[in-house]
Student: 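Sharing a structure here in structure tokens format.
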Amino acid sequence: MSSKRFGSARRTGARRRPRPAYDSLVQHDPAWHTRIARVLAGALGVWGVAGTVGPDPEEARGFVIVPRAGPALRVSHHPSAGWAVTLRDPAPGAEVALGRHAGLPGLLRRLREVLAPEAAPGHLVIGAPQILPRDAGAR
Amino acid sequence: MTTAPVPVVVITGFLGSGKTTLLANLLRDPALARTAVIVNEFGEIGLDHLLVEAADEEIVLLAGGCLCCSVRGDLVRTAGNLLARRAAGAIAPFERIVIETTGLADPAPILQALMTDAGVADALCLESVIATVDAVAGAATLDAHPESVKQAAIADRIVVTKTDLVDPAANGLLERLQALNPAAPRLTAAHGAVDASRLFAGGIPDARGAGVRRWLAAEAVPHDFADHAHDHAAGRHDRAVTTFCLRRNAPLHAVTLTLFLQVLAEHCGARLLRLKGLVDVLESPGRPAVIHGVQHVFHPPAWLDAWPDEDRATRIVVIALGLDPLWLEALLDALDAEVAAHA
């Protein structure tokens, strides 16, 4: 087997499990925008942060969060890299990247840390099983 | 040999709402003969336990504090002692424990203690929460005391007491309770008398799915959020409580369910009074998961052998303080879309 053929297989990823592109499964359509905007706006309400969430005019897959107090945040989604959060500095052109997050849980955590640092995070605690065994019967 | 966990019933309700009278009547019912009772009183001298007639050694008084605060550890120790004494044959082999809280208690921490404490969590299981609401003063109490709203909202059963004095339908109390906790059946008690078989019929689901529908009561809860508005004569504390059912016809990824509960626990915390659900999990076709949590504490998901009825949709009943159902619905959908994209 020639190295050329082997190299060809590697390049095409023939032995790898094909990974669907995010775009192929999650359409960045109006429904997606509505849903994500609702998630972000609802999170502001949960944290007690007054502000608005709207589309980012400069980024088709992005949102701008404008709190009543403090600088705005830009949130954008990139199919290969997840969510990016950027602090919009009041000085024109100056922005600070706050990080990237693979999924919504990480994004929401980061936003809370920035927008509502005083909000104490909770932690999921798993207790003992509740359900009765099969032979116990419902009471 | 494994021993089946002992069912625990928590009776809560505001000061003077008739908890002790109800309990005293219930304990006269032969069906509840094998019941141990833990009475929690706030104050130096407890009196309520004197009003409850049962074998002395099966009534334990927790005085000097409130179960949800300072004596939570005492509750766990007391329940543990009862179990140990039962195992040793020192007391009658009770089949159920009833805990009467103080009128000021927030039931959530008590439920969490029963769910998580290493000393008792495996030996006990929460059967139901019963809240008493006074037909005479109940509406005013709901207006004035958020604790009473929380007690009624979190309950599996609501007993409207003192109906011999006032018709609760006439003063709007029943309507308020229906809006506050539509999943909880409401019973009425005159002079503390109530049908014990109906009161204790909430039950704990078993692995075959028996009792799940009754326990979940999802059909009683609004799931059309556009129409869900508090247009009744609610007080300001009532309006803060929302009870709704997230309904989803497509199965959820198991990871979605985990992430959803993690996000709720992380961000909602105390706002999430109670969550119960029957979930269609993609990786477990035909075997739905039962989920149950109080604030950020959850039982591990339990897998049923089969669906309990013809309805195969996911149904998650949420009782929360100030959470928007549309937010939770969007969050669940968004998480599942992300998980699907990476699956």
Side-chain angles (χ1 to χ4, degrees), chain A residues 17 19-29 31-48 53 77 79-80 82-83 101-109 111-113 116 119-139, chain B residues 2 4-5 7 112 114-117 121-122 124-127 200-201 203-208 210-212 214-215 259 261-271 290 292 295-300 302 304-305 322-324 326-331 333-335 337-343:
Chain A
R17 181 169 172 252
R19 179 174 173 166
Y22 192 100
D23 281 355
S24 66
L25 290 163
V26 178
Q27 301 293 325
H28 292 89
D29 55 13
W32 179 84
H33 277 90
T34 302
R35 187 188 311 134
I36 298 298
R38 185 166 279 163
V39 169
L40 298 176
L44 292 184
V46 169
W47 303 325
V53 176
H77 186 262
S80 58
W83 296 95
H101 303 277
L104 274 171
L107 171 68
L108 292 174
R109 183 174 304 129
L111 292 175
R112 190 198 63 237
E113 289 168 353
H123 300 282
L124 181 64
V125 174
I126 303 294
Q130 174 200 23
I131 203 159
L132 294 173
R134 185 171 293 100
D135 55 357
R139 288 163 206 262
Chain B
T2 57
Q112 289 175 348
L114 296 172
M115 292 163 73
T116 59
D117 191 276
D122 289 331
L124 304 177
C125 61
L126 178 67
E127 180 174 1
F200 288 82
I204 310 164
D206 73 4
R208 294 170 303 186
V212 168
R214 196 172 48 196
W215 171 78
L259 293 175
L261 298 183
Q262 280 181 345
V263 170
L264 293 186
E266 180 174 345
H267 297 279
C268 302
R271 285 171 175 251
V290 174
H292 181 202
Q295 296 180 339
H296 65 291
V297 178
F298 278 77
H299 291 291
L304 299 184
D305 293 343
L323 290 184
D324 180 359
L326 293 172
W327 178 62
L328 289 183
E329 191 173 54
L331 178 66
D333 288 344
L335 287 171
E338 281 199 344
V339 170
H342 292 280

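Labels below follow one simple rule: chain letters A, B, ... track the order of the sequence lines, proteins then strands, and each chain is numbered from 1.
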Student: Less than 4.5 Å to any heavy atom of chain B: does that hold for the side chain of Arg38(A), its backbone, both, or neither?
Tutor: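 It is both, since atoms from each part get that close.
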Student: Side chain, backbone, both or neither: which part of Leu323(B) has a non-hydrogen atom closer than 4.5 Å to chain A?
Tutor: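 Answer is side chain: those atoms of Leu323(B) sit under 4.5 Å from chain A.
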Student: Could you measure the distance from the NE2 atom of His296(B) to the CD1 atom of Ile126(A)? Nearest 0.5 Å is fine.
Tutor: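 So the gap between those two atoms works out to 10.5 Å.
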Student: Given Leu104(A) and Val263(B), is the side chain to side chain contact (heavy atoms under 4.5 Å, CB included) satisfied, shown in steps?
Tutor: CA-CA 9 Å; Leu104(A) 274 171; Val263(B) 170; over 6 Å; no
Student: Specify which of Met115(B), His267(B), Gln262(B) makes the most heavy-atom pairs with chain A at under 4.5 Å.
Tutor: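 Top option by heavy-atom pairs under 4.5 Å: His267(B).
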Student: Side chain, backbone, both or neither: which part of Val297(B) has a heavy atom under 4.5 Å from chain A?
Tutor: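 It is both, since atoms from each part get that close.
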Student: Looking at every heavy atom in both Glu338(B) and Gly103(A), which two are closest together, and how far apart are they?
Tutor: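 So the minimum-distance heavy-atom pair works out to OE1-CA, 3.2 Å.
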Student: Grab the two heavy atoms, one from Leu259(B) and one from Pro105(A), that are nearest each other, plus how far apart they are.
Tutor: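 Shortest heavy-atom contact: CD2-CG, 4.0 Å.
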Student: Ignoring hydrogens, what is the shortest heavy-atom contact between Pro300(B) and Gly127(A)? Give both atom names and the distance.
Tutor: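 Minimum heavy-atom contact is CD-O, 3.1 Å.
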Student: Side chain from CB out, backbone as N, CA, C, O: work out which of these in Asp324(B) comes under 4.5 Å of a heavy atom of chain A, or both, or neither.
Tutor: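 Neither part, no heavy atoms under 4.5 Å.
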Student: Name the member of Ala102(A), Gly45(A), Ala43(A) that forms the most heavy-atom pairs with chain B at distances under 4.5 Å.
Tutor: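 Top option by heavy-atom pairs under 4.5 Å: Ala43(A).
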Student: Please state whether the side chain, the backbone, both or neither of Ile36(A) comes within less than 4.5 Å of a heavy atom of chain B.
Tutor: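 Side chain of Ile36(A) only, per the 4.5 Å heavy-atom cut-off to chain B.
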Student: Search all heavy atoms of Trp327(B) against all heavy atoms of Val39(A) and return the closest pair with its distance.
Tutor: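 That would be NE1-O, 2.8 Å.
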